[in-house]
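Input: a single structure, listed below in structure tokens.
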2 protein chains.
Amino acid sequence: MLVVEECMTAQSTTPERKVRKRDADATRGRILAAAKTEFAKLGLAGARVDEIAERAGSNKRMIYHYFGGKEALFCAVLEEVYLDIRNAERALELDALPPRDAMERLVRFTWDYYLANPEFITLVNSANLHKGKHLEGADRLKLRQREFVDMVQRILDRGVESGVFRAGIDPIQLNITIAAIGYYYLTNRHTGGILFQRDYMGDAALEARLAFNIDTILRLISSED
Amino acid sequence: MLVVEECMTAQSTTPERKVRKRDADATRGRILAAAKTEFAKLGLAGARVDEIAERAGSNKRMIYHYFGGKEALFCAVLEEVYLDIRNAERALELDALPPRDAMERLVRFTWDYYLANPEFITLVNSANLHKGKHLEGADRLKLRQREFVDMVQRILDRGVESGVFRAGIDPIQLNITIAAIGYYYLTNRHTGGILFQRDYMGDAALEARLAFNIDTILRLISSED
DNA sequence: CTTAAGTAACTAACTGGTGCGTTACTTAAC
DNA sequence: GTTAAGTAACGCACCAGTTAGTTACTTAAG
């Protein structure tokens with residue numbers, strides 16, 4: 001009710017105020033993690049700011065304090081998950097491997113990463129539903145992306161030089177294809193499982209799909225059969 | 001078309017009440033079409049029932065009358081768009097083509113269909129965000145899906161028999177891969193355009209991608225280079 | 001008359017965002 | 001070292017605008 005009950009009892013009234021030890025970075029981090037989970041599960045429109053606050057063990061006010069609003073929080077989540085995957089790819093150090101091994105390792109890694117981080121896929125889908133506008137300001141990410149394409153280009157060049165790959169393959173098209181064959185299978189795992197009516201996410205099915213993907217990519221780039 | 005025939009000034013009392021000529025099927029169809037557009041653009045949670053009603057030139061009560069609710073309407077939209085694509089594939093009559101031509105035609109068709117019907121992709125993404133539960137009752141669709149897989153199997157068999165395809169290719173894996181390489185490119189066109197920083201949806205880019213996709217599939221299934 | 005199609009007004013619950021006060025920590029003057 | 005002033009972190013309660021779903025009613029059609 002709107003009954004005004006102030007003025008009196010100025011001090012010492014508020015009985016059960018839970019106060020957390022202060023740690024700005026930790027709170028910010030918990031909010032970001034909770035937002036990642038929530039946005040991944042329900043999308044931007046479906047996610048609830050109250051729910052994110054509660055999951056974070058914080059409150060709504062802090063979300064607005066640290067991030068400015070729901071959409072800005074979504075931007076922060078998106079940039080984080082994209083940087084995470086690009087950093088993980090970089091950590092593979094594929095330049096140190098023979099070209100064929102490097103490529104197979106990249107296909108395997110991409111698949112494993114999607115499988116271990118399903119939020120990434122749904123978050124990217126949500127970003128694209130909103131025409132990518134939440135990613136437009138992420139300049140650091142664009143740089144990382146370019147570095148990644150360059151790395152794939154180097155692998156291709158080494159493979160052509162050593163005769164195992166054919167020449168003229170566009171690293172971006174290859175990149176997109178490597179991502180596509182894993183991403184599609186996993187992003188559509190629910191509708192796929194229903195429509196194809198066969199084991200879709202069991203160990204055997206996942207193993208078979210990965211093998212098919214590796215085969216697809218190697219046949220695409222190999223210089224001979 | 002959406003011609004609205006108003007019964008002008010029927011009784012002089014309520015001055016501006018627009019009354020539509022009665023046509024249950026047409027109204028149902030307009031609601032379904034409006035819902036398709038709206039769900040595709042904003043997702044299940046982002047779509048607004050009021051907006052769908054307005055776009056349909058109808059009102060909210062009719063949505064509850066014909067479909068029962070927002071989620072049931074989403075189910076109806078989903079089943080419709082899936083049946084549409086499966087019917088279009090069937091209409092290709094690929095059984096009448098030589099196996100290599102049939103496969104190339106299927107890759108082209110899949111790409112063209114996604115390009116011409118971008119709602120299909122975002123609707124499928126939304127369905128999967130909700131774990132596919134809105135598709136579970138669509139039994140007619142499961143049958144169509146199986147027929148489609150069988151057709152791809154027949155093409156593969158004919159190709160093996162005539163020596164142009166290698167043996168042992170799983171039609172479902174192939175199917176998924178054909179869809180994947182087109183779907184991924186288009187569903188992630190916004191983030192892809194931003195991150196790769198090059199022409200992504202221009203005519204030249206689309207043509208190049210289609211060519212790459214055809215090449216990928218033919219290399220995957222061909223018996224020789 | 002009866003039935004089904006159609007419409008507008010309504011409501012209860014929700015939701016993103018804020019106002020405003022409180023508490024912990026830092027800093028600097030004395 | 002003590003303390004007062006300043007600042008950032010935090011929390012509760014609330015609002016104003018939505019939103020899915022409903023009720024009550026009107027009207028076309030057979």
Side-chain angles (χ1 to χ4, degrees), chain A residues 1-32 34-35 38-39 42-75 130, chain B residues 2 4-32 34-35 38-39 42-75 134:
Chain A
M1 295 279 177
L2 302 184
V3 180
V4 188
E5 35 118 27
E6 72 246 52
C7 292
M8 46 175 56
T9 72
Q11 283 129 311
S12 76
T13 34
T14 52
E16 302 281 341
R17 194 182 178 99
K18 279 171 272 177
V19 177
R20 187 186 304 279
K21 239 189 163 167
R22 298 195 167 192
D23 189 336
D25 284 351
T27 300
R28 219 191 99 104
R30 284 200 316 279
I31 290 173
L32 204 58
E38 197 71 0
F39 284 135
L42 298 163
L44 174 55
R48 298 291 165 244
V49 177
D50 283 297
E51 181 63 27
I52 293 170
E54 197 179 342
R55 282 185 99 98
S58 183
N59 64 75
K60 216 169 13 169
R61 201 71 192 77
M62 289 296 95
I63 291 176
Y64 289 86
H65 179 64
Y66 286 119
F67 296 96
K70 191 187 190 186
E71 301 231 345
L73 178 57
F74 186 70
C75 292
H130 298 280
Chain B
L2 301 182
V4 178
E5 302 170 55
E6 303 178 11
C7 192
M8 38 181 62
T9 65
Q11 223 70 3
S12 81
T13 36
T14 51
E16 302 285 342
R17 193 186 178 98
K18 279 174 272 179
V19 177
R20 185 186 308 280
K21 213 149 197 200
R22 297 188 170 195
D23 189 337
D25 284 351
T27 300
R28 218 192 101 102
R30 285 200 317 278
I31 290 172
L32 204 58
E38 196 71 1
F39 284 135
L42 298 162
L44 175 55
R48 297 293 164 243
V49 176
D50 282 298
E51 181 65 26
I52 293 171
E54 197 179 344
R55 281 184 100 97
S58 183
N59 64 77
K60 215 167 16 167
R61 185 65 187 82
M62 290 295 96
I63 290 176
Y64 289 87
H65 183 253
Y66 287 119
F67 297 95
K70 192 188 189 186
E71 302 230 346
L73 178 57
F74 186 69
C75 292
H134 303 94

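Chain A is the first sequence line, chain B the second, and so forth, proteins listed ahead of strands; every chain is numbered from 1.
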- [ ] Would you please name every residue forming a side chain to side chain contact (heavy atoms under 4.5 Å, CB included) with B:L42, sequence neighbours left out?
- [x]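 With neighbours one apart ignored, the set is B:E38.
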
Please report the distance, rounded to the nearest Å, between [atom1] in [X] and [atom2] in [N].
{"X": "A:M62", "N": "D:dG11", "atom1": "CE", "atom2": "C1'", "value": "7 Å"}
{"X": "A:I52", "N": "C:dG16", "atom1": "CD1", "atom2": "C1'", "value": "11 Å"}
{"X": "B:R28", "N": "C:dA4", "atom1": "CZ", "atom2": "C1'", "value": "16 Å"}
{"X": "A:I63", "N": "C:dT15", "atom1": "CD1", "atom2": "P", "value": "14 Å"}
{"X": "A:D25", "N": "D:dA9", "atom1": "CG", "atom2": "P", "value": "9 Å"}
{"X": "B:F74", "N": "D:dA20", "atom1": "CZ", "atom2": "P", "value": "14 Å"}
{"X": "B:E54", "N": "C:dT7", "atom1": "CD", "atom2": "C1'", "value": "14 Å"}

Open item on the list: For the CZ atom of B:R30 and the CE atom of B:M62, what is their distance to the nearest 0.5 Å?
Closed with: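 So the gap between those two atoms works out to 11.0 Å.
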
Check this one for me: any side-chain N or O of [X] less than 4.0 Å away from OP1 or OP2 of [N]?
{"X": "A:Y66", "N": "D:dA8", "answer": "no"}
{"X": "A:N59", "N": "D:dC10", "answer": "no"}
{"X": "B:T27", "N": "C:dG6", "answer": "yes"}
{"X": "A:S58", "N": "D:dC10", "answer": "no"}
{"X": "B:R48", "N": "D:dA20", "answer": "yes"}
{"X": "B:H65", "N": "C:dA4", "answer": "no"}

Open item on the list: Side chains of B:I52 and B:L73, heavy atoms from C-beta outward: is any pair under 4.5 Å?
Closed with: yes

Open item on the list: In the structure I gave you, are the side-chain heavy atoms of A:L32 and A:Y66 within less than 4.5 Å of one another anywhere?
Closed with: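 With C-beta onward as the side chain, the pair stays apart.
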
Open item on the list: A:F74: which residues meet the ring pair (Phe, Tyr, Trp, His ring centres under 6.0 Å) condition with it, sequence neighbours left out?
Closed with: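 With neighbours one apart ignored, the set is A:F39, A:H134.
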
Open item on the list: Using the ring pair (Phe, Tyr, Trp, His ring centres under 6.0 Å) criterion, which residues pair with B:H65? Sequence neighbours excluded.
Closed with: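 Ring pair (Phe, Tyr, Trp, His ring centres under 6.0 Å) check on B:H65 returns nothing, list empty.
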
Under-3.5 Å N/O pairs linking protein and nucleotides 21-23 of chain D:
from, atom 1, to, atom 2, distance (Å)
D:dG21, OP2, B:Y64, OH, 2.7
D:dG21, OP2, B:K70, N, 3.2
D:dG21, O5', B:Y64, OH, 3.4
D:dG21, N7, B:K60, NZ, 3.0
D:dG21, O6, B:K60, NZ, 2.2
D:dT23, O4, B:R61, NE, 3.3

TODO: Sort by first number and list every stem of DNA chain D: at least 3 consecutive Watson-Crick or G-U wobble pairs, both distances under 3.5 Å.
DONE: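 Runs of three or more consecutive pairs: C:1-30 with D:1-30.
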
- [ ] For A:A47, report the nucleic acid contact type (base, sugar-phosphate, nothing); a contact means any heavy atom under 4.0 Å.
- [x]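 Touches sugar-phosphate only.
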
Open item on the list: Listing request: all salt bridge (Lys or Arg N to Asp or Glu O under 4.0 Å) pairs with a residue in residues 60-73 of chain B, at least two apart in sequence or in separate chains.
Closed with: B:D50-B:K60

Task: Nearest heavy atoms of A:S58 and A:T27, plus distance in Å - done: OG-CG2, 3.9 Å

Task: Minimum heavy-atom distance between A:A34 and A:R55, given as atom pair plus value - done: CB-CB, 3.7 Å

